[in-house]
Colleague: 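Dropping the structure in here first, questions after.
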Amino acid sequence: QAAVEEARQQRTDAEHRVTSSRELLGHARTAANSAKQRVANTTSAKKEADSQRNAAARRLAEFGAAAKSASAEVERHAAAKAKAESVREEGLLSLAELEERLRLAEETPVDEDPSTMERDDLAGEVPVARQHEMDVRLAVRTAEERVGALAGRADALARQAQAERAARERAAARKAA
């Protein structure tokens with residue numbers, strides 16, 4: 001009889017341990033599910049951060065390429081500006097030479113009437129000289145306009161390059177923060 005009571009007591013104790021173990025198992029499963037959910041959330045957040053980082057890197061690369069392109073454009077315009085200024089200087093020198101020749105010709109006293117043959121030859125040279133003067137003046141004016149246009153474009157490109165550098169610096173600062 002005592003053995004039966006002892007067995008019943010052991011059975012009751014075992015049932016309590018089973019019930020307690022089941023409760024602990026339920027809590028453990030809940031904790032494991034919660035941990036799995038946190039891992040999934042963290043993984044999702046990591047993927048989102050990686051995506052944002054990659055997008056920022058792409059934008060930074062695009063800014064870098066645009067800045068490099070703008071720098072090359074500035075160099076091309078600077079070379080074109082230098083060439084236009086050179087052509088302008090040549091035109092101004094040629095114009096000054098022609099004006100000096102005209103001044104000397106106007107100052108030369110005419111003592112006698114030139115022969116008709118000489119006068120006809122000189123009259124034939126006048127249109128050529130006038131055309132040459134017009135061409136030189138046109139070349140000078142064109143060069144001046146090109147210099148002005150190139151200077152404006154170079155200034156715009158320099159401002160654009162500065163804005164792109166500032167954007168890259170801001171992006172780098174945001175990335176570092």
Colleague: Is the shortest side-chain N to carboxylate O distance from Arg165 to Glu169 below 4.0 Å?
Modeller: no

Colleague: Quiz question: by atom type and distance under 3.5 Å, do the side chains of Gln160 and Glu164 form a donor-acceptor pair?
Modeller: yes

Colleague: Between the side chain of Thr30 and the main-chain N/O of Gly26, is any donor-acceptor distance below 3.5 Å?
Modeller: yes

Colleague: Which salt bridge (charged side-chain N to carboxylate O under 4.0 Å, His left out) pairs, counting each pair once, include a residue from residues 52-62, with sequence neighbours left out?
Modeller: Asp50-Arg53

Colleague: Are any side-chain N or O atoms of Thr42 and backbone N or O atoms of Arg38, one a donor and one an acceptor, separated by less than 3.5 Å?
Modeller: yes

Colleague: Has Ser71 got a side-chain atom pairing as donor or acceptor with Ala67's backbone, closer than 3.5 angstrom?
Modeller: yes

Colleague: Mind listing the closest non-hydrogen atom pair of Ala143 and Ala84 along with its distance?
Modeller: CB-O, 3.5 Å

Colleague: With distance as the sole test, does Thr12 use its side chain to make a donor-acceptor pair with the main-chain N or O of Arg8 at under 3.5 Å?
Modeller: yes

Colleague: Less than 4.5 Å apart, side chain to side chain, heavy atoms only: is that true for Lys81 and His77?
Modeller: no

Colleague: Can you name the nearest heavy-atom pair linking Val74 to Ala158, along with the distance?
Modeller: CG2-N, 4.3 Å

Colleague: Counting distance only, does the side-chain N/O of Thr43 pair as donor-acceptor with the main-chain N or O of Val39 below 3.5 Å?
Modeller: yes

Colleague: If I take atom CG from residue Asp120 and atom CE from residue Met117, how far apart are they, to the nearest 0.5 angstrom?
Modeller: 8.5 Å

Colleague: Side-chain donor-acceptor pairs under 3.5 Å in residues 87-97, sequence neighbours left out?
Modeller:
unit_1	atom_1	unit_2	atom_2	d
Arg88	NE	Glu144	OE2	3.3
Arg88	NH2	Glu144	OE2	3.3

Colleague: When rounded to the nearest 0.5 angstrom, what distance separates CD in Glu23 from CG in Leu25?
Modeller: 11.0 Å

Colleague: Do Lys83 and Arg146 come close enough that some side-chain heavy atom pair is under 4.5 Å?
Modeller: no

Colleague: Using the side chain to side chain contact (heavy atoms under 4.5 Å, CB included) definition, which of the options Thr19, Leu24, Val18 pairs with Arg22?
Modeller: Val18

Colleague: Scan side-chain atoms only and decide if Ser21 and Arg17 contain a donor-acceptor pair under the 3.5 Å cut-off.
Modeller: no

Colleague: Is the closest side-chain donor-acceptor distance between Gln37 and Asn33 under 3.5 Å?
Modeller: no

Colleague: Considering only distance and modelled atom types, tabulate donor-acceptor pairs under 3.5 Å from the side chains of residues 98-107, sequence neighbours left out.
Modeller:
unit_1	atom_1	unit_2	atom_2	d
Glu100	OE1	Arg103	NE	3.2
Glu100	OE1	Arg103	NH2	3.2
Glu100	OE2	Arg103	NH2	2.3
Arg103	NH1	Glu107	OE1	2.9
Arg103	NH1	Glu107	OE2	2.7

